[in-house]
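We number each residue from 1, following the sequence as shown. Just so it is clear, the values below take in all heavy atoms, side chains as well, and ignore hydrogens, waters and symmetry mates.
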Amino acid sequence: TTETFGDNGVDADLKLAIERTLATGARVSLNYTESIVNYFTSPDSSSESSILSFNIVQPLLNGFGPLVSMEPLRQAERDMVYEVRDFKRYQQDFVIDITSQYYSTLRNRDQLNNARKNYENALGSREQTEAYARAGRIADFEAAQALQSELNAADNWAIALANYQSALDDFRFTLALPIDLNIEPDPGELAALAERGLVGLDITLDEAADSASSNRLDLITRRQQVEDQERNLEITQRDFLPNLDVEYDISKDFADSDTSGAQQTLNVGLDVPFDWTEKRNAFRFAQISLDRERRALEADKGNVLREVRDLWRKLERNRSVYKNRLLSVSLAERRMENTNLLLKQGKALTRDLLDAQDDLLSSRNEATIALIDYTINRLSFWNAIERFKIDPKGMWYEQVDSDTEGPVAAP
C-alpha cells in the first residue's frame with residue numbers, strides 16, 4: 001500500500017502480487033492494483049482504477065528447463081540429506097567413543113583388582129620367605145627380595161587405584177554427571193565380555209572393502225557432491241547462451257467504462273551480452289570446484305580403504321595377543337604353584353616365585369587390554385563398513401558370525 005498526502009487530497013495505491021517460477025523456467029506473476037486519486041477533497045474530480053494483470057516470461061535459451069529453475073530447491077533438499085547422513089555418522093562415532101571409555105574404565109577396574117591380588121600374593125610370599133629365613137632354610141637376602149616385591153606391589157596398587165578413580169571422574173564428566181556421584185560401571189559386563197570371548201567376523205577383507213566403498217554414508221555424500229558440481233558446471237555453461245525470452249502480458253481495468261476488453265501484449269526479447277568476463281570466471285570456478293570434489297572423492301575412498309585394512313590388521317593382532325595372554329595366565333598360575341612347592345623343598349629361589357607373580361599380573365592385565373581392544377576395534381570395523389546399527393533407544397547392534405544367534409546389544 002502506498003499513500004501520498006498533498007494539497008489536493010489523498011493518492012493511494014494498493015498492490016497485491018503473486019509470483020511463481022515454473023519447472024520450464026517461466027516466471028509467472030498475477031498482479032492486482034487499486035488506485036484512488038483525490039477521493040476525499042474533490043469527490044467530483046476523483047478517479048479510481050482497479051487493474052488485474054497476468055504476466056508470463058518464458059526463457060527459450062538461457063534459463064530454460066528444470067535443470068536451471070529447479071536447482072535451488074534440488075540443492076537444498078540434497079544438502080538436508082547430507083546433514084542427516086553426517087548426523088548419523090556422528091551418532092555412530094559418539095556411541096563407539098562412549099562405549100570405548102566405558103570399557104576402558106572397566107579395564108582400569110580390572111587392573112585395580114589384579115594389583116590388589118598381586119599385593120596379597122606378594123604379602124603372602126614375604127611372610128613365607130621371612131619364616132623360611134628365620135628357620136635358616138633360605139638366605140636373608142631372599143627375604144629382603146620378597147619385602148621389596150611387596151613394597152613394589154603396594155605402590156602398583158596405589159597407582160592402579162588412582163588411575164581407576166581418574167577414569168571414573170573422566171567417564172562421569174563425559175556423561176555430564178556430577179563428578180562426586182557414587183556410580184561405577186558394572187564389573188559383570190567385563191566378565192560377560194570375557195565369557196563370550198572373541199566374537200568372529202562373518203566377512204572377508206575384500207568383502208569388507210567393497211561394503212565400505214558402496215555403503216559408507218560419507219562416501220555416498222561425497223559422490224553426490226561430485227554430481228552437484230557436475231550440474232553446476234552444466235548450468236554455468238548454459239549461462240553463455242543469449243537471453244531469448246518470450247513475454248506475454250494481459251491486463252484489465254475494471255473501473256474503465258470501455259468494454260472493449262482486456263489489453264494484451266506479446267514481446268520477444270533477445271539480449272546478447274558483450275562482456276563475458278563474469279560468465280567465463282564463473283565457468284572456470286565451476287570447473288575447478290568439480291576437479292576438487294573428484295580429487296576429494298578419490299582421497300576419501302583411499303582413506304576408507306586404509307581404515308578398513310588397518311582395523312582388520314588390529315583385530316588379527318588383538319586376537320593373537322588375547323589367545324597368547326590367556327595361555328600365559330594359565331602357565332603363570334601353574335608356575336606359581338610349582339615354584340611354591342619347590343621353594344618349600346629348597347629346590348627353588350625366592351626370585352623364581354617373585355618372577356612368576358610379576359608374569360601373572362602382566363599376563364592378566366594384557367589379556368584384559370587385548371579383549372577390550374578387540375571389542376572396540378570390532379565395533380569400529382563394523383562402523384567403517386557401515387554395518388554398525390543403533391536403535392531409537394541408543395542401543396548398538398553389530399553383525400556376528402554364524403556361531404552366534406541374533407544381534408549383540410550394548411550393555
K.L.:
Look at the side chain of Ser213 and the backbone N and O of Ala209, then say whether any donor-acceptor pair between them is shorter than 3.5 Å.
P.N.:
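No.
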K.L.:
Apply salt bridge (charged side-chain N to carboxylate O under 4.0 Å, His left out) to residues Arg319 and Glu316 and explain how you reach the verdict.
P.N.:
CA-CA 5 Å; Arg319 186 182 295 112; Glu316 292 292 331; 3.1 Å; yes
K.L.:
Report the relative orientation of the aromatic rings in Tyr102 and Phe171; use parallel for angles under 30°, tilted for 30 to 60°, perpendicular for over 60°.
P.N.:
tilted
K.L.:
Crowded around Phe240 CZ? As in, over 12 foreign heavy atoms under 6.0 Å?
P.N.:
yes
K.L.:
Between Gln357 and Asn121, is the side chain to side chain donor-acceptor pair (under 3.5 Å) condition met? List the steps.
P.N.:
CA-CA 7 Å; Gln357 291 175 353; Asn121 290 334; 5.6 Å; no
K.L.:
Check this for me: does any side-chain nitrogen of one of Arg27 and Glu19 sit under 4.0 Å from a carboxylate oxygen of the other?
P.N.:
no
K.L.:
So, Gln75 side chain and Pro72 main chain: donor-acceptor pair closer than 3.5 Å or not?
P.N.:
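No, because the side chain of Gln75 does not come within donor-acceptor range (under 3.5 Å) of the backbone of Pro72.
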K.L.:
So does Arg109 get a backbone contact from the side chain of Glu184, meaning a donor-acceptor N/O pair under 3.5 Å?
P.N.:
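Pair absent, no side-chain N/O of Glu184 close to backbone of Arg109.
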K.L.:
Can you confirm whether Phe94 is buried at CZ, in the sense that more than 12 heavy atoms of other residues, nucleotides or ligands lie under 6.0 Å from that atom?
P.N.:
no
K.L.:
Return yes if some donor-acceptor pair links the side-chain N/O of Thr129 with the main-chain N/O of Arg126 below 3.5 Å, else return no.
P.N.:
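Flag set: sc Thr129 to bb Arg126 pair under 3.5 Å.
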K.L.:
Would you please indicate if the ring centroids of Tyr322 and Tyr374 are separated by under 6.0 Å?
P.N.:
no
K.L.:
Is the shortest distance from a Lys or Arg side-chain nitrogen in Asp310 or Arg306 to a carboxylate oxygen in the other one below 4.0 Å?
P.N.:
no
K.L.:
Take Ser328 and Ser363, measure what side chain to side chain donor-acceptor pair (under 3.5 Å) needs, and give me the verdict at the end.
P.N.:
CA-CA 6 Å; Ser328 180; Ser363 298; 2.5 Å; yes
K.L.:
Using a strict threshold of under 4.0 Å (side-chain N to carboxylate O), is an ion pair present between Arg172 and Asp169?
P.N.:
yes
K.L.:
Counting only heavy atoms not in Ile18, do more than 12 fall under 6.0 Å of its CD1?
P.N.:
no
K.L.:
I'd like to know whether OH of Tyr32 has more than 12 heavy-atom contacts from other residues, nucleotides or ligands below 6.0 angstrom.
P.N.:
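Check passes, neighbour count above 12.
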K.L.:
Which residues pass the side-chain hydrogen bond (donor to acceptor under 3.5 Å, both in side chains) test with Arg85, sequence neighbours left out?
P.N.:
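Here the qualifying residues are Thr221, Gln224.
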K.L.:
Between the side chain of Arg222 and the main-chain N/O of Leu297, is any donor-acceptor distance below 3.5 Å?
P.N.:
no
K.L.:
So, are Glu307 and Arg216 salt-bridged, with charged N and O less than 4.0 Å apart?
P.N.:
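Yes, this pair counts.
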K.L.:
Would you say CZ of Phe141 has more than 12 non-hydrogen atoms from neighbouring residues, nucleotides or ligands within 6.0 angstrom?
P.N.:
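Atom CZ in Phe141 is crowded, with more than 12 foreign heavy atoms closer than 6.0 Å.
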K.L.:
Flag yes if more than 12 heavy atoms outside Arg231 fall under 6.0 Å of its CZ atom; otherwise flag no.
P.N.:
yes
